[in-house]
Amino acid sequence: MNARRRLALPLRYAAAIAFTLFFIFPVYWLFIISFKTPAEIFSYPPVWYPKSIQFANYWVLFKDGDAFTVWNSLVLASISTLIAMVLGTMCAYSLVRFRTGGENLAVWIISQRLMPPIAIIFPIFLLYVWLGWVDTYHGLIILYTAFSLPYVIWMMRGYIEEVPIELEESALVDGCTRWEVLWKVVFPMVRAGLFATAVFTFVFAWNDFIFALVLTRTEVITYTVQVTHYFGGQSNFWAKIAAMSVLGTVPIFLAVATMQRFLVRGISMGAVKG
Amino acid sequence: MAELTIHGLHKRFGPVEVLRGIDLKVSSGEFAVLVGPSGCGKSTLLRTIAGLEDIDRGTIEIDGREVNDVRPRDRDIAMVFQNYALYPYMNVSDNIAFGLRARRTPEAETQRRVRSAAELLGIGGLLERYPRHLSGGQRQRVAIGRAIVRNPKLFLFDEPLSNLDAQLRDEMRSEIKRLHQDLAATMIYVTHDQIEAMTLADRIVLMNSGQIEQVGAPLDLYDRPATRFVAGFLGSPKINLLQGRLVANGRGLAFEASDGTSLALPAGLAAAAHAHVDRSVTLGVRPQHIGEATAIAGPNEVTLRTAIELVQPTGSRTYVTARLADAAIVAETDAHAALRPGATIDLAFDMGHAILIDPESGKVFAHGLAE
């Protein structure tokens, strides 16, 4: 090993650690504020780590029922993801195997995703008022599903195209119906892609702010909207903001951590033929 | 075991008509090989039999029942694909059992049949492995196992050996032949490889641009091709085709090449050729019917002196390329004959095995070999 390379390795490590700290610190700060007392939050110089971990900030959220908004987010994101995945995968299969809509339908579908939500939110609001769907679970679930579908169709179309058609034909000859082929051959073959797409779809619904802000009142407020209630004209409730944000981060964190294996494979799938 | 009958089958993909009036009958227990150059429609024909492609016109019958509108799963056929089509997320045992489970066969029966199929193919020790841990030959055995375990009426093979290396291909070819003898099942096999077709088939169905060119036993097609295409497709090295005229002289008929070289036709060949005297014809002689002349000439032999251009030993035989008029001709000689390019050689043509082709229609109108 020559001198230059001996020097290069520690430098690279130092740079890597610096970058990691830079990006991790805000997350650490968020977590740590949620465990601090009000005095610690506003003390100067800052308290880098609290003397004792206390859960009072969380206790308040649960006592007042604010934590229920996380449950709302969970219900809305999970159900809309499930519906979008089932419908979207079937649409994608149809596009790939039956050439539904010819060459252009798939591109038209993904183009729907390019529309900025703000452009359609007020017409939708008026429609929902007329339908009586404002501040309901099904109202938001339908909207999230509709918004996720183009993405799911586009992604799943790519994964399904990678499935060798002979696998399906072999199953058809061996005694499967189309539905059985979808269930026993296509789903197992695109499993990694299914999980990766589902995680991104879930995250989109989970992180949505604009739709929930306009279309909820009191019943199905999501955690993203709830957090904004803690920003006041006189003062901001930093402890509540931090605790609520942590509650909103943990499910995503768990989802990504458990699905990591599939995520990496799903995202890189199709990049190179393997 | 089942009988397959196809009548007037037409199939088009957009503007291209890939099958143009196919009539075919495959008897029960027969091994039929569909062979032809790529794009001739042989794979499409197989896929229409499987039900993986719809047909535009005609009928397909399995055991007398029309199956035109019957779904693949209800045709009781099994198909082996070129790329094996094994499910990568299932082990060998589950792969073989797939078709049985799809048909709700009792599990004990499934297990028993999977084991016996695996034993038959010599993959009994691999049942727990996954396809990615198998060699090409083992994968193909699993694919065949998946077909035979179902005991279907009809086996379809779509170029099953073309992904294997040459040595393995020979081995698997014998195994498929043995399997056919053991199972006595009706099998239809697609290949572009004429050696595979010759060695495996009870009957060869030779296809060309969407039509059946000729059907018959392998040696029948080889010895008595009906068209120039069949003559050229079967046999390696290829049959020698010489352009010339048919002339009558005092002793009978002769083939005359463009440079005046004359090859006398034996009586058998001449008898069928009288209508073509003074017209241009194509003479076909296989390399193994042209050899180095020996002291004692055979009854139908014609000897010509020419120069050697190329010598290609293969071990068992040596192929010599020489020139006759404006055509290169290949002759088969003894492996140990001392032959060099540039040297002269006396070539003996066995005209008793020659064929005569009408250059306009491409049809063979006279065979040296009696019917």
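Just so we're on the same page: letters track the sequence lines, and every chain starts at 1.
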Chemist: Indicate the ring-plane relationship of A:Tyr28 and A:Phe25, choosing parallel, tilted or perpendicular according to the 30° and 60° boundaries.
Modeler: tilted
Chemist: So which residue, A:Ala171, A:Gly175, A:Pro188, ends up with the most heavy-atom pairs under 4.5 Å with chain B?
Modeler: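 Heavy-atom pairs under 4.5 Å are most numerous for A:Gly175.
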Chemist: How long is the gap from CD1 on A:Ile83 to CD1 on A:Ile142, to the nearest 0.5 Å?
Modeler: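 The CD1 atom of A:Ile83 sits 8.0 Å away from the CD1 atom of A:Ile142.
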Chemist: Between the side chains of A:Tyr151 and A:Gln112, does any donor sit under 3.5 Å from an acceptor?
Modeler: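 Result is no, nothing qualifies.
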Chemist: Looking only at the side chains, is there a donor atom on one of A:Tyr93 and A:Arg178 sitting less than 3.5 Å from an acceptor on the other?
Modeler: yes
Chemist: If you count heavy-atom pairs within less than 4.5 Å of chain A, which of B:Met90, B:Arg47, B:Arg71 leads?
Modeler: B:Arg47
Chemist: Need one label for B:Leu100: side chain, backbone, both or neither, based on atoms under 4.5 Å from any heavy atom in chain A.
Modeler: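 Neither part.
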Chemist: Do the two ring centres, one from A:Trp71 and one from A:Tyr223, sit under 6.0 Å apart?
Modeler: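 Not under 6.0 Å, so no.
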Chemist: Classify the side-chain pair B:Asp158/B:Gln82 by whether it contains a donor and acceptor separated by less than 3.5 Å.
Modeler: no
Chemist: May I ask you to establish whether A:Arg113 and A:Phe204 are in a cation-pi arrangement, using a distance under 6.0 Å from NZ or CZ to the six-membered ring centre and at most 45° from the ring axis?
Modeler: yes
Chemist: Is a salt bridge present between A:Glu180 and B:Arg104, judged by a nitrogen-to-oxygen distance below 4.0 Å?
Modeler: yes
Chemist: Just so I understand: if I count every heavy-atom pair under 4.5 Å between each of A:Thr177, A:Leu167, A:Leu172 and chain B, which residue has the most?
Modeler: A:Leu167
Chemist: Please list, in residue-number order, every residue in residues 127-156 of chain B that has a heavy atom less than 4.5 Å from any heavy atom of chain A; write 'none' if there are none.
Modeler: B:Arg146, B:Arg150
Chemist: Less than 4.5 Å to any heavy atom of chain A: does that hold for the side chain of B:Leu52, its backbone, both, or neither?
Modeler: side chain
